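Written out below as structure tokens is the structure these notes cover.
The model shown is predicted, which means the values in this text are computed figures rather than measured ones. We name chains A, B, ... by the order of the sequence lines, and we start the count at 1 in each one.
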Amino acid sequence: MSKKSFRQAINEALAQEMRRDPTVIVMGEDNAGGMGAPGEDDAWGGVLGVTKGLMPEFGRERVLDTPISESAFIGAAVGAAATGLRPVAELMFVDFMGVCFDQIFNQAGKFKYMFGGKAVTPLVVRTMFGAGFRAASQHSQCLYPIFTHIPGLKVVIPSSPYEAKGLMIQAIRDDDPVIFLEHKVLYDDEEEVPDEPYTIPFGEANLTREGSDVTIVAFGRMVPFSNQVADKLEKEGISCTVVDPRTTSPLDTDTILECVADTGRLVVVDEASPRCNMATDISALVAQEAFGALKAPIKMVTPPHTPVPFAPQLEDLYIPTPEKIEAAVRAVAGA
Amino acid sequence: MSKKSFRQAINEALAQEMRRDPTVIVMGEDNAGGMGAPGEDDAWGGVLGVTKGLMPEFGRERVLDTPISESAFIGAAVGAAATGLRPVAELMFVDFMGVCFDQIFNQAGKFKYMFGGKAVTPLVVRTMFGAGFRAASQHSQCLYPIFTHIPGLKVVIPSSPYEAKGLMIQAIRDDDPVIFLEHKVLYDDEEEVPDEPYTIPFGEANLTREGSDVTIVAFGRMVPFSNQVADKLEKEGISCTVVDPRTTSPLDTDTILECVADTGRLVVVDEASPRCNMATDISALVAQEAFGALKAPIKMVTPPHTPVPFAPQLEDLYIPTPEKIEAAVRAVAGA
Amino acid sequence: MQLSREDLLKAYRDMRTIREFEDRVHDEFAKGGIPGFVHLYAGEEASGVGVCMNLDDRDKIASTHRGHGHCIAKGCDPKGMMKEIYGKRDGLCGGKGGSMHIADLSRGMMGANGIVGGGPPLVCGAALTAKTLKTGGVAVAFVGDGGSNQGTTLESFNLARVWDLPVVFVVEDNGYAESTASAWSVGGSQKKRAEAFGMPGTEVDGHDFFAVYDAARQAVEFARSGDGPSLIHVKLDRHYGHFEGDAMTYRADGEVDRLRQERDALQIFRTKVSEAKLLEIDQLDEIDAEVKELIDQAVAEAETAPPPTEADLLTDVYVSY
Amino acid sequence: MQLSREDLLKAYRDMRTIREFEDRVHDEFAKGGIPGFVHLYAGEEASGVGVCMNLDDRDKIASTHRGHGHCIAKGCDPKGMMKEIYGKRDGLCGGKGGSMHIADLSRGMMGANGIVGGGPPLVCGAALTAKTLKTGGVAVAFVGDGGSNQGTTLESFNLARVWDLPVVFVVEDNGYAESTASAWSVGGSQKKRAEAFGMPGTEVDGHDFFAVYDAARQAVEFARSGDGPSLIHVKLDRHYGHFEGDAMTYRADGEVDRLRQERDALQIFRTKVSEAKLLEIDQLDEIDAEVKELIDQAVAEAETAPPPTEADLLTDVYVSY
Ligand SMILES: Cc1ncc(C[n+]2csc(CCOP(=O)(O)OP(=O)(O)O)c2C)c(N)n1
Ligand SMILES: Cc1ncc(C[n+]2csc(CCOP(=O)(O)OP(=O)(O)O)c2C)c(N)n1
Ligand SMILES: [Mg+2]
Ligand SMILES: [Mg+2]
């Protein structure tokens, strides 16, 4: 056990799985870095350093730099997964899915079904998401609702270093294609993380707070925000459960429904664009399956239906904040 | 006024707008057909004949065949729209969005915002969607929830020939990028359609049936299915409103909320995959905004979370049917 | 000539099996027995068979939407295929894939693909597996002339080059993508494209099994010995429409009749091997009869085979969920 | 030499403006005044300016993530640009785009692009508009060496060819895509790729304004006279890291110092024009002073300019909704 950043937790998960299983490989733009260049060989370790150090240990045969050809290399990861490797391919920012989505959703996601069960595609696509970096409209999106929409894909959103390591090891060992979303603003967050490998199963929500008045369901960076709110409101006598589903697909519907049954009130916090997102997904689930338990309207806390703006002042207004979450919780608690 | 098929209605809309406005052009694979081939020049008019006859009237300068390079030609349509044309580009099947989505969601959909308002992109992407053709997993998807998720895009789903013509003319005249989804199973449906050009505004739902007990919201081919159900149940004394929102973005939330306020019961029918889809979107809207009016749990009628299967027996089980809609309506009406 | 008598007999049998299979699917489709979109490979047999004769169990192929021929050439069971095309439970893919997704990974056939250009990236991956695990395998991507303009294909050319992958790209140029002529849609040439990405490219007459076989042998050896990717531009013709139901108005009058008479791969093979006294016509006729019988059985079995059951709808989405 | 004195002065002024702009953004970023991802064009000035000197108001360009230089070369207002990069309300894009989406359609600048390979398809569209409306315009796509491997770029080569569009593809090869060398990532060569898709390709020294200018003049004339697309492979260097904050560990020791001394486009221009007695050094120094003043002002104004207001968050998503 030692303090590790979110970045280190993922790095360690990758290294440990690569040590354990020689079929695990890592690929992506500059994932080692410096390919063909005169300077340092392990130059970057990915654009934000998440894969740094893997190449020196595992060599360029298992840590592959790629040309900027996402369709080809993500597709190659799919094809490699279907033929015996366990590739972890990095799509640098999830915003780039538009140049390679076919290989993910029509190929990886459908092989097993289309081929009558006779395919396994143990692929992990690691990708950065989320706003808060002043990275503007094409480098700040969430987009996990799109992957969640697709049958055949699993979708993982870790909310802390501990979660990141366990979920990454599970993702690598999992036999289905997994989209693993890393919130760029969380990379430097630190907490105690076991040194040994461990897995966190998919489809099992984590209750980061337990309370009796309001259930808050949140994803990724919205989980620490929701915890803050829960801690603050606890002192005022509003007691919240915070549910971190960890994976949007599979979704731990049982836990969510149980929590709503207990509290009768629901706030869903989703950093993704508001239409057809996880906030709607969970709200609809509850409106269909736990309607009788609801004592108040469901509240969704999301950004507005706009692209992510560049200007810091606008971006700060765009992102759901603890203040907005708090207001929503107060509204349903008072209803 | 004369009887026209859904296919003819769209064809007529395209022809009339091309006559009216010389900046309207049409492009897509085989949209004229026979390019460079020895046989008939206007060979196909699109894979299912929707653009047939346009090339002989408007010439190959305004009806462009394309190589199989969706990123390039959809992107070219985006660039043309941003510089003075009004392109109607065909993405043959919406399932192919995975090879060109970037140009739609990161370019067309964000230009206006990223450029501080100083761009207009009057683009229409026509595309076929939906199951029922025994076309298997990669030619049968709906995927409109994905486009609906993206701020900056408008999303149109006509449910009949009359709707198709008016919505297409509106789409072409509209100054924003529009995804226009044509259900392949509806192409041969016929009804009376005016011969003159007319527009149907976006964001205004159509009540195809009006009733007092249950509100059914449905899209595309699910609208005629829902009408059937409403007509049948009417005779049994269960009176349904059927809401065809026509556009998922913008969405006529007011009408939906009013109808739910009147009936107190909601069934949403969506042919798209069940997670983060329009059924969840509308259910969540109502659970947040009209909770007090609800007398029963909301019911969603969708396919299961699986790819679309090929075998006719399986595909028939996959698609929401009038029977399933009926069961859902009965369930909420009885609750 | 490095082919034994057995090889030649196998080549002919495979080509005849494809032809008979496709002709029969054409007839049965017209009668209404087969659902969905079906793209036939008749006329292109020498390509799939000429290439796959050079492959073994270590090797993988990815196909196009026109996948039946590649399946047969790579050793998939025609009966399982026919059942699949009929959407039956015992089909190669349990009836869930159909013609457009027909596949048998156990035979190294990674699937027909409903997405034009879907295969080449996958093949880079199969080649990467072979290279990483040092299996000695190579991987072959079949692409149409239309598919050669898809970005996924072009990116794969480059990726295979810079990763030095044991890949062979086989561009099957049948002159059309749907109704659009390749003479129009393909800027430049396939061979030059290959060379421009740093790999060898050759052009062959795809009606001539021997020409394809020789080019493929070189390309496969090149890949297997670690020299990386290469490309073969195969020129050939399809006997039927783009898909079943296509009236082929874009083709010249008499075009199909002419090519069936003058450029038929099976006929050319028969003439060559009999004139060179490598095989007797009788032997070939015998194969024809056997194949016909096989396909008759395949259709008969497919027609009566049971469809999938309701429970099948929900299985095979995930390994675990 | 077809350039007048005024042309030469303008070329130098534009290049100097880019250099001064970028050097200053580098400094201000280091001080913490500028948010976000910023990619600087310093060192590549001769390319953007050499190309855009051949363009007029009918013409459009699409840029890359490294867009400041293309903006200035195409006539965008440096003060509006600086404000945009600072995220201010009066910025070229109202502060909503920032460095990565800097654009001014009224100047024919269709935007920097956060997506590598995003521009070439858009440029095909701009060229299609020009062709359809017979404006006489041409359209230029700037692409990096890394971006040259993106399928969108390669598809666009072919589309521009088969549609016969007035397009010029300018591949700005600065040796790296992030930390990855173009010597590794680009299979084959840019010139051969162009030719393989059926269009002319040339290679030029991108430190030499005159070489770029001449190649671009020919390519633009080719396009404008209806002969279709062509490609220019421009070899040059970037003075700074991939983005601001990049420690450039992948570059050779002393590499940047060396190229700044030996291959500096501005220095080379100064030497050439003064040795050929086309311009006097004094005139150039005067421009340097004026440009410095302009950029000082631009920064001062950007620093104090007001940010967007809360209401701005929700505007400009749609024309109507
Ligand atoms: C990405 C994508 N675009 C378009 C299509 C529709 N489509 C299916 S086959 C085909 C033509 C393919 O032509 P070619 O590659 O030459 O293969 P051929 O049919 O001639 O064997 C087209 C356009 C598709 N399936 N996928
Ligand atoms: C589709 C996509 N993939 C990856 C990236 C991340 N990225 C931004 S710039 C860049 C390198 C581009 O290299 P090059 O095209 O040579 O341009 P340069 O930076 O050298 O000007 C990369 C990988 C991106 N923005 N978009
Ligand atoms: Mg073809
Ligand atoms: Mg570069």
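- When each of B/V301, B/V229, B/T321 is paired with B/E326, the side chain to side chain contact (heavy atoms under 4.5 Å, CB included) condition holds for B/V229 and for no other.
- Between the side chains of B/H183 and B/E271, at least one donor N or O sits under 3.5 Å from an acceptor N or O.
- Salt-bridge annotation for C/R258 and C/E255: absent, with no side-chain N of the basic residue lying under 4.0 Å from a carboxylate O of the acidic one.
- Judged purely by atom type and a 3.5 angstrom limit, C/E172 has no side-chain atom pairing as donor or acceptor with the backbone of C/F142.
- Looking at C/S185, its side chain never comes within 3.5 Å of a backbone N or O of C/G146 through a donor-acceptor pair.
- Aromatic ring centroids of B/F147 and B/F101 lie under 6.0 Å apart.
- Taking C/G87, C/A177, C/A247 one by one and counting their heavy-atom pairs under 4.5 Å with chain B, the maximum is reached by C/G87.
- Note: C/D246 leads C/V116, C/D246, C/V186, C/D316 in heavy-atom pairs under 4.5 Å with chain B.
- In terms of heavy-atom pairs under 4.5 angstrom with chain B, the leader among C/L154, C/N113, C/V38 is C/N113.
- With contacts defined as side-chain heavy-atom distances shorter than 4.5 Å, the pair C/M248/C/Y250 qualifies.
- C/E303 has no carboxylate O lying under 4.0 Å from a charged side-chain N of C/R24, or vice versa, which leaves the two without a salt bridge.
- Highest contact tally toward chain B, considering only C/K96, C/R251, C/H101, C/E310, is held by C/H101 [criterion: heavy-atom pairs under 4.5 Å].
- With a 4.5 angstrom heavy-atom cutoff, C/T315 does not touch chain B via any of its atoms.
- When the side chain to side chain contact (heavy atoms under 4.5 Å, CB included) test is applied to B/D30, the partners found at least two apart in sequence or on another chain are B/W44, C/E178, C/S179, C/T180.
- Ranked by non-hydrogen atom pairs under 4.5 Å with chain C, the options B/Q138, B/Q313, B/E29, B/R134 are led by B/Q138.
- Annotation: C/H39 is not in aromatic contact with C/Y240 [ring centroid separation under 6.0 Å not met].
- Contacts between C/I34 and chain B at a heavy-atom distance below 4.5 Å are absent for every atom of the residue.
- Of the residues considered (C/S99, C/A183, C/G118, C/P308), C/P308 shows the highest number of contacts with chain B, using heavy-atom pairs under 4.5 Å.
- The stretch residues 69-78 of chain B places B/S69, B/E70 near chain C, each with some heavy atom under 4.5 Å from a heavy atom of that chain.
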